[in-house]
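Each remark here refers to the structure printed beneath this line.
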There are 2 protein chains.
Amino acid sequence: MSKKNSEPTPKNTLGMDVSVDCVVFGFDNDTLKVLLIEQKQPDTVHLKTQNAVPGDLVLDNESLDEAAKRILQELTSLKGIYLKQFHAFGDPNRVRGLKDQQWLRTFRVNPERRVLTIGYYSLVKLSEFKPKAASFAGKTYWVDVYNIPSLAFDHNEIVHKALLMLRHELMADHIGFELLPEKFTLSQLQKLYEIILDKKLDKRNFRKNILRTETVTALEEKQQGVLHKPAQLFSKK
Amino acid sequence: MSKKNSEPTPKNTLGMDVSVDCVVFGFDNDTLKVLLIEQKQPDTVHLKTQNAVPGDLVLDNESLDEAAKRILQELTSLKGIYLKQFHAFGDPNRVRGLKDQQWLRTFRVNPERRVLTIGYYSLVKLSEFKPKAASFAGKTYWVDVYNIPSLAFDHNEIVHKALLMLRHELMADHIGFELLPEKFTLSQLQKLYEIILDKKLDKRNFRKNILRTETVTALEEKQQGVLHKPAQLFSKK
DNA sequence: TCAAAAGTGTTCCAATTACACCCATGG
DNA sequence: CCATGGGTGTAATTGGAACACTTTTGA
């Protein structure tokens, strides 16, 4: 717009790096968690470690969905995990912060190259999740989604937007059980909804609603070993 | 996944081209239209012309939203047009069709480079739309969204997904008036909804609903020069 | 006076909300 | 027998769906 045509328009002849970042949600019966990684460290020098959402460059011949699946499978051995693309983040300066420069210079073939990222979010059953060493990550850990530390790049914004999208989809498609074990009680499910939506729900109304949607089905089985009336167990239909 | 580590993982060291494609919707009181362009032609040889949705590579230092805005402004001089990012299309073979190879070899600095595109859709008031010559396009024209010819690349899929997203957002956010002139009647608005949603609506219920949402406001003005009872005019609130 | 679209209300049913007590179990 | 969470119903309100006739204008 502001360029005069004395200079040719700056076509992006260098290309861009394209990455996929996965906001992995997990639920521990009390808090909604997001999986963070420590950015991997060079073997030689020591960088100030930063936290980030797991992500990696998209490989040649790999679709975006495949890249997201790969990233998830490098972190755990789970299959069939819920994954959804939710937004592309393409600010030209999104990796230009001082805090991110050294890491890029260490790990990227072309550290000056612009990086576009496609955001996915993913729902995993925390009970079954066993972290694995991933090529792109150091240690991994879970943090409360309502208490996220300062992250690398624009990852705080990415997590925030993922949460908004998750709320939307929870209401529309009732995908909550993806975050719970195979067998769960309606109280667990309700608590999950309350924490994701960040508001209290009425027990009787919640049950009526969930049962009407027919996304879950009652098992012929009850909770065991609890110090109160054991609850009916449900699983996804 | 299937790679053994005898070969290094094929990192995308070439980078990708990143483009933005805009599905521009317009409404002519009868049909919902999509703006297509003829792919631009080289001055020398003559290619079989293909149709496509307007789009262009994202420039250096340009965000995705800015690129989408620029593409739209190169096609028309309208400002303040409704624009929304809706999906990233990243299949590694999305531009590998035979039909697209010659065009890429003619117009791209790196025709072999993988191209990722970010899909936007846009709502314009057809009444105010005056096409302009755009750097990336030959002729432009409008076609019925329910009768789209075969397009370049994966643009048929892009248009289809844009329509699904538009339907969603029309119901949720009542953005329909973005496709109508400043002043419109409720019958026009209803017809627009019917065509986008592809189903008939009840007149009385439609009016009750729209007025309850308070997204439109009645003007002190009526239709003129119609051969029936003139309708109340409305504008967006 | 006719044709054409504008405009308007009511009834019925389904969904949403608010609300409080008894029950089954383990310790 | 007590503490803990599990489990249940009803009434009031609100929103959605179905449905048909009268009005205003220009020709």
Side-chain angles (χ1 to χ4, degrees), chain A residues 27-31 167-168 170-174 176-177 180-235, chain B residues 27-31 167-168 170-174 176-177 180-235:
Chain A
F27 180 62
D28 71 355
N29 284 309
D30 252 325
T31 49
R167 281 183 184 159
H168 223 115
L170 181 66
M171 297 309 290
D173 301 346
H174 293 285
F177 50 74
L180 293 175
E182 290 298 330
K183 302 173 181 180
F184 52 86
T185 70
L186 293 186
S187 294
Q188 285 178 288
L189 188 61
Q190 180 177 342
K191 189 155 188 191
L192 171 61
Y193 273 65
E194 289 180 338
I195 290 169
I196 294 178
L197 302 176
D198 203 20
K199 69 175 177 193
K200 278 209 72 60
L201 301 173
D202 177 87
K203 181 158 61 164
R204 279 172 287 195
N205 295 336
F206 178 77
R207 285 166 185 238
K208 255 183 292 182
N209 274 277
I210 282 295
L211 295 176
R212 194 167 31 73
T213 64
E214 304 199 331
T215 48
V216 300
T217 186
L219 301 174
E220 316 233 304
E221 204 175 334
K222 304 207 162 203
Q223 263 185 324
Q224 294 201 344
V226 287
L227 25 156
H228 54 75
K229 177 174 175 178
Q232 176 76 243
L233 289 172
F234 288 76
S235 71
Chain B
F27 180 62
D28 71 354
N29 284 311
D30 253 325
T31 49
R167 281 183 184 159
H168 221 116
L170 181 66
M171 297 308 291
D173 301 346
H174 294 285
F177 49 75
L180 293 175
E182 289 299 329
K183 302 172 180 181
F184 52 86
T185 70
L186 293 185
S187 294
Q188 285 178 290
L189 188 61
Q190 180 178 343
K191 189 154 187 191
L192 170 60
Y193 273 64
E194 290 180 338
I195 290 169
I196 294 178
L197 302 176
D198 203 21
K199 69 175 175 191
K200 279 209 71 60
L201 301 173
D202 177 86
K203 181 158 61 163
R204 279 173 286 194
N205 294 336
F206 178 77
R207 285 165 185 239
K208 256 181 292 182
N209 274 275
I210 282 295
L211 295 176
R212 193 165 36 71
T213 64
E214 304 199 331
T215 48
V216 300
T217 186
L219 302 173
E220 315 234 305
E221 205 175 334
K222 303 205 162 207
Q223 261 184 325
Q224 295 201 341
V226 288
L227 27 154
H228 54 74
K229 176 172 175 178
Q232 176 75 242
L233 288 172
F234 288 76
S235 71

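Every chain is numbered from 1, with letters handed out A, B, ... down the list of sequences. The analysis underlying the following values was restricted to heavy atoms, covering all of them including side chains, and did not include hydrogens, waters or symmetry mates.
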(message) Between P on C:dA5 and NE2 on B:His228, what's the gap in Å once rounded to a whole number?
(response) 6 Å
(message) Distance under 4.0 Å to a non-hydrogen atom of chain B counts as contact; along DNA chain D, which nucleotides mark the start and end?
(response) D:dG16 to D:dG26
(message) Between C:dA20 and A:Arg204, counting only base atoms on the nucleotide and side-chain atoms on the residue, is there a donor-acceptor pair under 3.5 Å?
(response) yes
(message) Does A:Asp202 reach a base, just sugar-phosphate, or nothing at all? Heavy atoms under 4.0 Å.
(response) base
(request) Take atom CZ of A:Phe206 and atom C1' of C:dA15, then tell me their distance rounded to the nearest Å. (result) 16 Å
(message) In this structure, how many angstroms lie between the P atom of C:dT10 and the CG atom of B:Asn205, rounded?
(response) 14 Å
(message) Please tell me if A:Asn209 has a side-chain N or O lying less than 4.0 Å from either OP1 or OP2 of C:dA15.
(response) no
(request) Taking the side chain as every heavy atom from C-beta outward, state whether A:Leu192 and A:Phe184 have any pair of such atoms under 4.5 Å apart. (result) no
(message) Nearest heavy atom decides the nucleotide; on that basis, is B:Leu227 or A:Lys229 closer to the 5' end of DNA chain C?
(response) B:Leu227
(message) I want to confirm an ordering. Mapping B:Gly225 and A:Thr185 to their closest nucleotides on DNA chain D, which one lands closer to the 5' end?
(response) A:Thr185
(message) Here's a test of your reading of the structure: between B:Ser187 and A:Val226, which maps to the more 5' nucleotide of DNA chain C?
(response) B:Ser187
(message) Need one value for B:Gln232: base, sugar-phosphate or nothing, where a base atom within 4.0 Å counts as base even if backbone is also close, heavy atoms only.
(response) sugar-phosphate
(request) Could you state the atom-to-atom distance from CD of B:Gln223 to P of C:dA5 in whole Å? (result) 11 Å
(request) Report the C-alpha separation of A:Asn29 and A:Gln188 in whole Å, then their side-chain angles, then the decisive distance to 0.1 Å, and conclude whether the side chain to side chain contact (heavy atoms under 4.5 Å, CB included) test is met. (result) CA-CA 7 Å; A:Asn29 284 309; A:Gln188 285 178 288; 3.1 Å; yes
(message) Can you measure B:Arg207 atom CZ to C:dA5 atom C1' for me and round it to whole angstrom units?
(response) 10 Å
(request) Working to the nearest 0.5 Å, report the span between CG of A:Leu180 and CZ of A:Phe27. (result) 6.5 Å
(request) Measure the spacing between CG of A:Leu211 and OG1 of A:Thr213 and express it to the nearest 0.5 Å. (result) 7.5 Å
(request) Can you tell me the distance, in whole Å, between the NZ atom of B:Lys203 and the C1' atom of C:dA4? (result) 11 Å
(message) Which label fits B:Phe206 and B:Tyr193: parallel for a plane angle under 30°, tilted from 30 to 60°, or perpendicular past 60°?
(response) perpendicular
(request) Give, for atom CD1 of A:Ile210 and atom CG of A:Asn205, the distance between the pair rounded to the nearest 0.5 Å. (result) 12.0 Å
(request) Quickly work out the B:Gln188 CD to C:dG7 P distance and round it to whole Å. (result) 11 Å
(message) Suppose the criterion is salt bridge (charged side-chain N to carboxylate O under 4.0 Å, His left out): which pairs have a residue in residues 189-207 of chain B, not counting sequence neighbours?
(response) B:Asp30-B:Lys191, B:Glu194-B:Lys200
(request) With the side chain of B:Lys208 defined as its heavy atoms from C-beta on, choose the nearest nucleotide among C:dG9, C:dG7, C:dT16. (result) C:dG9
(request) Take the protein atom CG of B:Leu186 and the nucleotide atom C1' of C:dA5, then report the distance between them rounded to whole Å. (result) 13 Å
